[in-house]
Amino acid sequence: MKLKELLIKIDIKELSQKFAEQFYCDDYFPKPSISQDDLAKKLKKVIKNICLIHEVDTDILEIIVVAKVWDTVDTDKMIFESFVMKQGNKERYCINMTSWKELVGFEVLQKSIELYGEIDVALQILHDITFFGFEEKQRDVEIEKIIETLNVPIDEKDCMPAEEVFKQFYSEYGIPEKTEEEKENQSNRTRLAIKKNDKIYKQLLETI
C-alpha cells in the first residue's frame with residue numbers, strides 16, 4: 001500500500017487528534033506553542049495537501065519502514081522510528097528530509113502495518129515528515145538550509161571534542177556529570193538495546 005493510499009484510507013479526524021496527543025506527549029521535544037486542537041487542524045491540512053500531490057514516477061521501488069525498537073538512550077522503553085529503503089538495497093535513508101512529492105508514491109512496508117496497525121504506522125510517518133514544518137514550501141526551505149550547511153567545509157580548529165560538548169551541556173542545564181561506572185553501565189545497556197534491535201530489524205526487513 002502506498003503512503004497516499006494509507007492516508008486516504010484512515011479517518012482523518014481520528015488520525016489528526018491522535019497525532020496532536022502524541023506530539024504533546026513527546027519526551028524529546030517541548031510542547032508546541034499552539035493548542036492541541038490547532039495542532040490537530042494543522043495536521044488535517046497536511047494530510048489533505050499530501051493526498052492532492054501527484055506521484056513522481058520512478059523505476060525503483062522505494063519502501064517506507066516503520067519499526068518499534070528499543071531506545072538506545074532510555075533503554076527501558078521502546079520507541080517508533082521510520083526510514084526509507086530501496087528494494088534490493090540494505091541502506092536506510094532519512095525520511096524527514098525526503099520531499100512529500102516523492103514520499104506519496106512510496107510503498108509502506110506491509111509487515112509494519114501487520115505488526116503495529118495502520119494508525120501507529122501513519123502517525124510515526126507523519127510525525128517524521130512534519131519535523132521541518134507543516135507547509136510543504138516552508139519544509140523544503142528548511143531542508144535546503146540544512147543541506148547547504150552540510151556542504152560547508154569544516155575546519156578542525158573549530159571543532160570541539162564530544163566530551164567537552166557534554167560537559168558544557170551538563171553544566172548549562174545543571175545535570176550531574178556521570179561517573180565512569182555510570183558511563184560503562186550506560187554503554188552496556190546501549191549495546192544490549194542495539195543487539196535486540198538487530199533482531200527486530202531482521203524480522204521486519206526479511207521481505208525487502
Side-chain angles (χ1 to χ4, degrees), residues 1-53 63-85 92-143 146 173 175 189-190 193 196-197 200-201 203-204:
M1 185 188 305
K2 293 185 178 181
L3 175 59
K4 188 173 180 178
E5 295 168 339
L6 177 63
L7 295 179
I8 290 171
K9 184 179 179 184
I10 300 173
D11 181 76
I12 191 170
K13 185 177 179 181
E14 180 186 5
L15 193 58
S16 300
Q17 287 174 341
K18 287 196 173 184
F19 177 91
E21 291 166 9
Q22 175 178 306
F23 196 82
Y24 255 68
C25 296
D26 197 332
D27 294 335
Y28 291 96
F29 303 101
K31 290 182 179 181
S33 57
I34 58 174
S35 71
Q36 193 165 315
D37 285 343
D38 285 342
L39 185 58
K41 287 175 186 174
K42 273 182 172 288
L43 188 80
K44 196 180 289 186
K45 185 179 177 183
V46 167
I47 296 169
K48 287 180 178 177
N49 287 341
I50 287 176
C51 290
L52 291 173
I53 295 173
I63 303 162
I64 301 172
V65 178
V66 173
K68 190 173 185 181
V69 295
W70 291 99
D71 192 330
T72 55
V73 178
D74 185 355
T75 54
D76 291 326
K77 73 174 185 179
M78 297 188 81
I79 57 172
F80 279 106
E81 64 174 20
S82 66
F83 50 88
V84 174
M85 295 185 73
R92 299 172 195 170
Y93 301 90
C94 185
I95 190 173
N96 55 16
M97 292 183 71
T98 306
S99 76
W100 289 353
K101 286 183 177 67
E102 292 178 85
L103 285 169
V104 290
F106 287 6
E107 289 285 333
V108 179
L109 186 67
Q110 184 59 33
K111 189 78 173 177
S112 294
I113 294 172
E114 289 170 5
L115 286 174
Y116 314 123
E118 293 175 346
I119 291 283
D120 282 339
V121 167
L123 281 174
Q124 185 58 39
I125 294 170
L126 288 165
H127 183 277
D128 290 346
I129 68 174
T130 55
F131 185 84
F132 292 111
F134 291 86
E135 299 285 344
E136 188 179 7
K137 287 183 180 177
Q138 169 211 351
R139 180 178 179 271
D140 289 345
V141 168
E142 291 300 319
I143 291 170
I146 292 170
Y173 291 95
I175 302 169
R189 290 196 298 270
T190 297
K196 290 192 287 187
N197 289 344
I200 293 170
Y201 292 133
Q203 177 197 16
L204 192 60

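All residue numbers in this chain count up from 1 along the given sequence. Nothing here was measured: the structure is a model prediction, and the numbers come from that model.
Within the structure, salt bridge (charged side-chain N to carboxylate O under 4.0 Å, His left out) pairs that include any residue of residues 96-121 comprise Lys9-Glu118, Lys101-Glu136 (at least two apart or interchain).
Scanning all heavy atoms of the two residues, the minimum distance from Phe134 to Phe19 falls at CE2-CE2, 4.0 Å. In plain terms, the two heavy atoms of Glu5 and Lys2 that are nearest each other are OE1-N, 2.9 Å. Of all heavy-atom pairs spanning Ile119 and Leu15, the tightest one is O-CD1, 4.1 Å.
Here the CZ atom belonging to Arg92 is positioned 5.0 Å from the OH atom belonging to Tyr201, to the nearest 0.5 angstrom. Separating the CZ atom in Phe80 from the CG atom in Leu123 is a distance of 8.5 Å, to the nearest 0.5 Å. Of the inter-residue distances, the one linking Ile79 atom CD1 with Asp74 atom CG reads 9.0 Å to the nearest 0.5 angstrom. If you take CD on Gln110 and CD1 on Ile113, they are separated by 5.0 Å, rounding to the nearest 0.5 Å. Rounding to the nearest 0.5 Å gives a distance of 15.0 Å between CG of Leu126 and CZ of Phe131. Put simply, CG on Asn96 and CD on Glu142 are 12.5 Å apart, with the number rounded to the nearest 0.5 Å.
The 12-atom threshold is exceeded at NZ of Lys4, counting heavy atoms of other residues, nucleotides or ligands nearer than 6.0 Å.
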Solution key, residues 38-50 side-chain donor-acceptor pairs under 3.5 Å, sequence neighbours excluded:
{"from": "Asp38", "atom 1": "OD2", "to": "Ser35", "atom 2": "OG", "distance (Å)": "3.3"}
{"from": "Lys45", "atom 1": "NZ", "to": "Glu135", "atom 2": "OE2", "distance (Å)": "3.4"}
{"from": "Asn49", "atom 1": "ND2", "to": "Lys45", "atom 2": "O", "distance (Å)": "3.4"}

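Only one option out of Val121, Ile63, Val66 pairs with Leu109 in a side-chain contact (heavy atoms from CB on, under 4.5 Å); it is Ile63.
In this structure, Thr75 contributes its side chain and Thr190 its backbone to no donor-acceptor pair below 3.5 Å.
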